[in-house]
Amino acid sequence: MKRIGVLTSGGDAPGMNSAIRAVVRKASYRGVEVYGINYGYAGLVAGDIRKLTSKDVSDIIQKGGTMLYSARYPQFSTEEGQLKGIEQLKKYGIEGLVTIGGDGTFKGANALTKHGYPCVGIPGTIDNDIIGTDYTIGFDTAINTVLDALDKIRDTATSHVRTFVIEVMGRDAGDIALWTGVGSGAEQIIIPEVDFDITKIANSIREGRQRGKKHTLIVLAEGVMGGNEFAEKLDAIDNFHVRVTELGHVQRGGSPTARDRVLASQFGAHAVDCLIDGKGGIALGIQGEKIVENDITDVTSGKHRNEPNLALYQLNQEISN
Ligand code: F6P
């Protein structure tokens with residue numbers, strides 16, 4: 001293999017730049033050229049492609065966002081879009097592709113694989129919702145960003161004896177809420193994977209107040225409902241002085257943590273090795289401390305569910321209620 005491509009697609013995640021850098025540098029180490037594709041699959045179809053040298057990726061390991069830009073491009077689910085993409089790859093002599101992103105990105109890579117084109121997917125999303133990997137690039141940075149915000153909210157919640165509902169991202173997954181709920185000592189964690197009982201939550205807030213608790217933090221995953229809707233449900237029961245904070249896209253930015261940078265570097269280098277060794281149709285993951293190669297068709301088939309670590313949910317019930 002003489003030339004490979006790399007793209008980032010879907011919602012950006014801190015650490016994507018570190019992964020791009022690793023792809024370019026490892027390829028150069030192994031004597032292979034890299035072409036960067038701007039704006040994910042949209043740029044692929046449009047032929048927005050440029051050569052990347054080792055120098056082009058200097059000074060990006062620490063930067064949030066993605067130097068290759070990103071886009072959501074549902075048109076890539078059509079065969080027409082996929083064939084156009086392959087045409088562009090062939091035009092540039094690109095023999096294999098590294099795709100960095102979440103579920104939609106992996107589905108695109110799976111489609112290319114089905115057309116016989118070798119792809120390796122690197123899990124990059126703050127949601128941590130990809131099957132076959134314990135962690136995705138960006139998750140660690142996002143939860144640290146959320147944690148910082150929660151610590152600040154706790155200060156003001158205590159001063160005013162208020163209840164805060166903090167809505168966090170995660171799409172249909174509860175991992176961000178789960179980890180930041182435990183990490184901040186939040187009284188309640190509400191995630192799509194576990195049913196909640198609003199009356200029990202109200203009673204628990206009242207009991208906390210009677211014990212002298214000055215604040216209540218409720219970390220709510222966006223996949224359950226919006227923060228305001230949840231607050232209305234609580235208000236309908238009693239006046240808990242509820243305030244709502246929707247953290248929004250601040251969760252997607254910022255300099256990646258050490259963990260995300262290292263993980264991204266491992267994934268990027270491993271993806272290059274796979275392609276050079278003639279392996280395609282792979283979704284990389286980390287299980288324990290080991291980088292694993294999953295079958296991308298298997299990961300995107302919809303047959304498996306991504307399960308959060310529910311032991312953390314139980315732990316929080318026991319130590320933070
Ligand atoms: O997948 C990452 C994510 O940030 C989700 O947590 C969120 O639901 C979604 O993307 C928001 O997408 P957009 O930036 O397109 O509004």
Side-chain angles (χ1 to χ4, degrees), residues 7-19 38-43 63-77 99-110 121-150 165-181 183 189-193 219-230 244-257 260 263-264 267 283-285 299-300 302 305-309:
L7 62 78
T8 51
S9 159
D12 62 348
M16 281 183 162
N17 277 327
S18 320
N38 289 328
Y39 302 103
Y41 294 115
K63 289 190 177 143
T66 159
M67 69 166 289
L68 290 176
Y69 311 104
S70 194
R72 299 204 187 276
Y73 189 64
Q75 296 90 319
F76 205 70
S77 58
T99 62
I100 308 167
D103 191 47
T105 309
F106 275 26
K107 284 191 175 132
N110 184 42
I122 294 180
T125 164
I126 63 163
D127 299 337
N128 205 37
D129 61 348
I130 301 291
I131 291 155
T133 187
D134 297 343
Y135 298 105
T136 56
I137 298 171
F139 175 65
D140 189 61
T141 308
I143 58 176
N144 279 290
T145 301
V146 173
L147 215 47
D148 182 50
L150 290 174
V165 176
I166 304 101
E167 181 192 322
V168 298
M169 281 187 170
R171 205 177 285 278
D172 300 322
D175 293 51
I176 295 179
L178 202 49
W179 281 71
T180 58
I189 301 173
I190 316 291
I191 54 175
E193 295 86 355
V219 182
L220 168 72
E222 65 173 354
V224 177
M225 66 178 74
N228 286 316
E229 192 184 343
F230 191 87
V244 177
T245 302
E246 184 191 335
L247 288 179
H249 285 78
V250 71
Q251 295 163 94
R252 287 241 295 264
S255 177
T257 58
D260 275 333
L263 184 60
F267 279 151
L284 292 181
V299 166
T300 52
R305 265 170 62 94
N306 175 58
E307 299 290 352
N309 181 357

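Excluded from the calculations below are hydrogen atoms, water molecules and symmetry mates; all remaining heavy atoms, backbone and side chain alike, are included. Each ligand, and each atom within it, is numbered from 1 in the order the structure gives.
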Enquirer: What are the atoms of ligand 1, with element, lying closer than 4.0 Å to any heavy atom of Glu222?
Expert: 5 (C), 6 (O), 7 (C), 8 (O)

Enquirer: Could you tell me the residue and atom name of the protein heavy atom closest to atom 4 (O) of ligand 1, and the distance to it rounded to 0.1 Å?
Expert: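 Checking every protein heavy atom, the shortest distance to atom 4 (O) of ligand 1 gives Arg252 NH1, 2.8 Å.
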
Enquirer: Under 4.0 angstrom from ligand 1, any heavy atom of Gly102?
Expert: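 Judged by the 4.0 Å heavy-atom criterion, Gly102 does not count as contacting ligand 1.
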
Enquirer: Quick one: salt bridge (Lys or Arg N to Asp or Glu O under 4.0 Å) pairs with a partner in residues 63-72, sequence neighbours left out?
Expert: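 The answer is Asp59-Lys63.
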
Enquirer: Quiz question: by atom type and distance under 3.5 Å, do the side chains of Ser70 and Asp12 form a donor-acceptor pair?
Expert: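 The criterion, which ignores hydrogens and geometry beyond distance, is not satisfied for Asp12 and Ser70.
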
Enquirer: To the nearest 0.5 Å, tell me how far Thr125 OG1 sits from Arg171 CZ.
Expert: 7.5 Å

Enquirer: Give the residue, atom name and distance (to 0.1 Å) of the protein heavy atom nearest atom 1 (O) of ligand 1.
Expert: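 Minimum-distance protein heavy atom for atom 1 (O) of ligand 1 reads Asp127 OD2, 2.7 Å.
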
Enquirer: Can you list the atoms of ligand 1 that are under 4.0 Å from a heavy atom of Arg171?
Expert: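 By the 4.0 Å cutoff, the relevant atoms are 1 (O), 6 (O), 8 (O), 9 (C), 10 (O).
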
Enquirer: Any chance the side chains of Asn110 and Thr300 put a donor and an acceptor closer than 3.5 Å?
Expert: yes

Enquirer: For atom 15 (O) of ligand 1, what is the nearest protein heavy atom, given as residue, atom name and distance?
Expert: Arg72 NE, 2.9 Å

Enquirer: Quick check, are the ring centers of Phe76 and Tyr41 under 6.0 angstrom apart?
Expert: yes

Enquirer: Short N/O distance, under 3.5 Å, between Gly170 and ligand 1?
Expert: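 Between Gly170 and ligand 1 (N or O atoms, distance only) the closest approach is under 3.5 Å.
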
Enquirer: Could you state the interatomic distance from CZ (Arg305) to CD (Glu193), rounded to the nearest 0.5 Å?
Expert: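 Interatomic distance, Arg305 CZ to Glu193 CD, rounded to 0.5 Å: 7.0 Å.
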
Enquirer: Could you pull out, from His249, Met169, Gln251, the option with a heavy atom nearest to atom 13 (P) of ligand 1?
Expert: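 That would be His249.
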
